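Note on naming: letters A, B, ... go to the chains in the order of the sequence lines (proteins, then strands), and numbering restarts at 1 for each one. Remember, it's a predicted structure, so these values are computed and weren't measured experimentally.
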Amino acid sequence: MLFYFRMLATRALSLVGKRAISTSICVRGGHGVAKVDDYALPAYFDRRENPLPDVQFVTELSAVQKSLKEKEKGSWATLSNEEKIALYRISFKQSFAEMNEGTKEWKSVIAGMFFFIGMTGLVVLWQRKFVYGPVPPTFESEWKEKEVQRMLDMRINPVEGFSAKWDYENKEWKK
Amino acid sequence: MFRAAVRLSVSGARSLTRPQLGLTAPLAQRCYAHGGKLESDEEFDARWVTYFNKADIDAWELRKGMNTLIGYDLVPEPKILEAALRACRRLNDLASAIRILEAVKDKSGPHKKIYPYLIQELRPTLDELGISTPEELGMD
């Protein structure tokens, strides 16, 4: 009998999404009590794809809120804007506009990227100075001049490439 | 043993069969899954209007219906939304009514013209029931 009453009461209260009764104890087969943990109960969450969550956001209503809920049963045209917003906030935590607004996380991401790229640059510079030995002599401009002259003498790529761009008559690069 | 069975049927029947009555109607969306004919838009709308027009609809059914409807790849017709808003009125739930309007606006995505059209179509109902839009309440 008591069980029926609890079931009906649960049903009735679940109509307004209150969790008060659901946290009470379930008796199972006379073995003892199984406590219903908080995480196992329907939870509130703001989601675009789930506009009406299983429970209200505010579960324990203050006296003001309770009286507002009573007023809600009458005509809604008599409610002021503040009261309507208050009723909304009882049932929901964030409005769609609030839940959809982006964070400013991207700024931290870009900042982090630049920071680490900068750090890497410093590491590379240090390496260049302290780790690597001197550059080979083949990079000196004197050597390079001799190298180019040798390539021209050998007629490297004379048709369309390197030597084709050199004017052998006037000993200068073609314009 | 018998009492346990009765208990289950009283509470179980209530909680299982009633939602299921609501579930079978809207969830069978137009699809060829069982080789049936494709449901027309009017039939789809009519089904959902009937769902929300149930006189003794309960809060669970409203939530389930709304969440399912929002899950579909469409923005509901004004007549479906009107039925849903009236269901909110029967349940004395203004917050859900406002939430439905927000959800529908969000559902339109980049198509900005849909929401004003819906509000325009729903204006008589909104005025009759005294529902303010989220814009009127400054919630956007």
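- Looking only at heavy-atom pairs under 4.5 Å with chain A, the residue among A97(B), A103(B), G71(B) that has the most is A103(B).
- Other residues, nucleotides and ligands contribute at most 12 non-hydrogen atoms within 6.0 Å of the CH2 atom of W106(A).
- For the atom pair CG (L94(B)) and CG (L87(A)), the distance works out to 6.0 Å, reported to the nearest 0.5 Å.
- K93(A) NZ: 12 or fewer foreign heavy atoms inside a 6.0 Å radius.
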Item to check | Worked check of side chain to side chain contact (heavy atoms under 4.5 Å, CB included) between Y88(A) and M139(B) | outcome: CA-CA 10 Å; Y88(A) 184 91; M139(B) 287 205 282; 3.8 Å; yes

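- One distance of note links CD1 of I70(B) with CZ of R47(A); it measures 15.5 Å at 0.5 Å rounding.
- Across N92(B) and W76(A), no two heavy atoms sit closer than the pair C-CZ2, 4.0 Å.
- At a threshold of 4.5 Å between non-hydrogen side-chain atoms, the residues S132(B) and N81(A) count as touching.
- The part of Q94(A) that comes within reach of chain B is its backbone (N, CA, C, O), which places non-hydrogen atoms under 4.5 angstrom from that chain.
- Only the backbone of E136(B) comes within contact range of chain A, judged by heavy atoms closer than 4.5 Å.
- The number of heavy-atom neighbours closer than 6.0 Å to NZ of K104(A), taken from other residues, nucleotides and ligands shown, is 12 or below.
- By the neighbour-count criterion of 12 heavy atoms within 6.0 Å, atom CD of E105(A) is sparsely surrounded, having that number or fewer from other residues, nucleotides or ligands.
- Criterion: ILVMFWY side-chain heavy atoms under 4.5 Å apart, direct or through other members. Under it, L74(B) and L101(B) are part of a common hydrophobic cluster.
- Taken together through direct or relayed side-chain contacts under 4.5 Å among Ile, Leu, Val, Met, Phe, Trp and Tyr, Y72(B) and I114(B) form part of one hydrophobic cluster.
- Contact annotation for L79(A): only side-chain heavy atoms (C-beta onward) come within less than 4.5 Å of a heavy atom of chain B.
- Cation-pi geometry between R99(B) and F92(A) is met: under 6.0 angstrom from the ring centre, within 45 degrees of the axis.
- Under the 4.5 Å side-chain heavy-atom criterion for grouping Ile, Leu, Val, Met, Phe, Trp and Tyr, Y115(B) is not connected to M99(A) through any hydrophobic cluster.
- Counting all heavy atoms, side chain and backbone alike, D106(B) lies closest to N100(A) at OD1-ND2, 2.9 Å.
- Taking the charged nitrogens against the carboxylate oxygens, D93(B) and K73(A) have no contact shorter than 4.0 Å, which rules out a salt bridge.
- Between chain B and the options S95(A), A97(A), P53(A), the largest number of non-hydrogen pairs under 4.5 Å is found for S95(A).
- In this structure, the portions of L137(B) lying under 4.5 Å from any heavy atom of chain A include both its backbone and its side chain.
- Taking CZ of R63(B) as the reference point, atom CG of N50(A) lies at 10.0 Å (rounded to 0.5 Å).
- Of the atoms belonging to E49(A), it is backbone heavy atoms, and not side-chain ones, that fall under 4.5 Å from chain B.
- The number of heavy-atom neighbours closer than 6.0 Å to CD of E172(A), taken from other residues, nucleotides and ligands shown, is above 12.
- Placement of W126(A) and M119(A) in two distinct hydrophobic clusters is found when ILVMFWY residues are connected by side-chain heavy-atom separations under 4.5 Å, directly or transitively.
- E128(B) CD to S75(A) OG: the interatomic distance, rounded to the nearest 0.5 Å, is 10.0 Å.
- Under the 4.5 Å side-chain heavy-atom criterion for grouping Ile, Leu, Val, Met, Phe, Trp and Tyr, M151(A) is not connected to W143(A) through any hydrophobic cluster.
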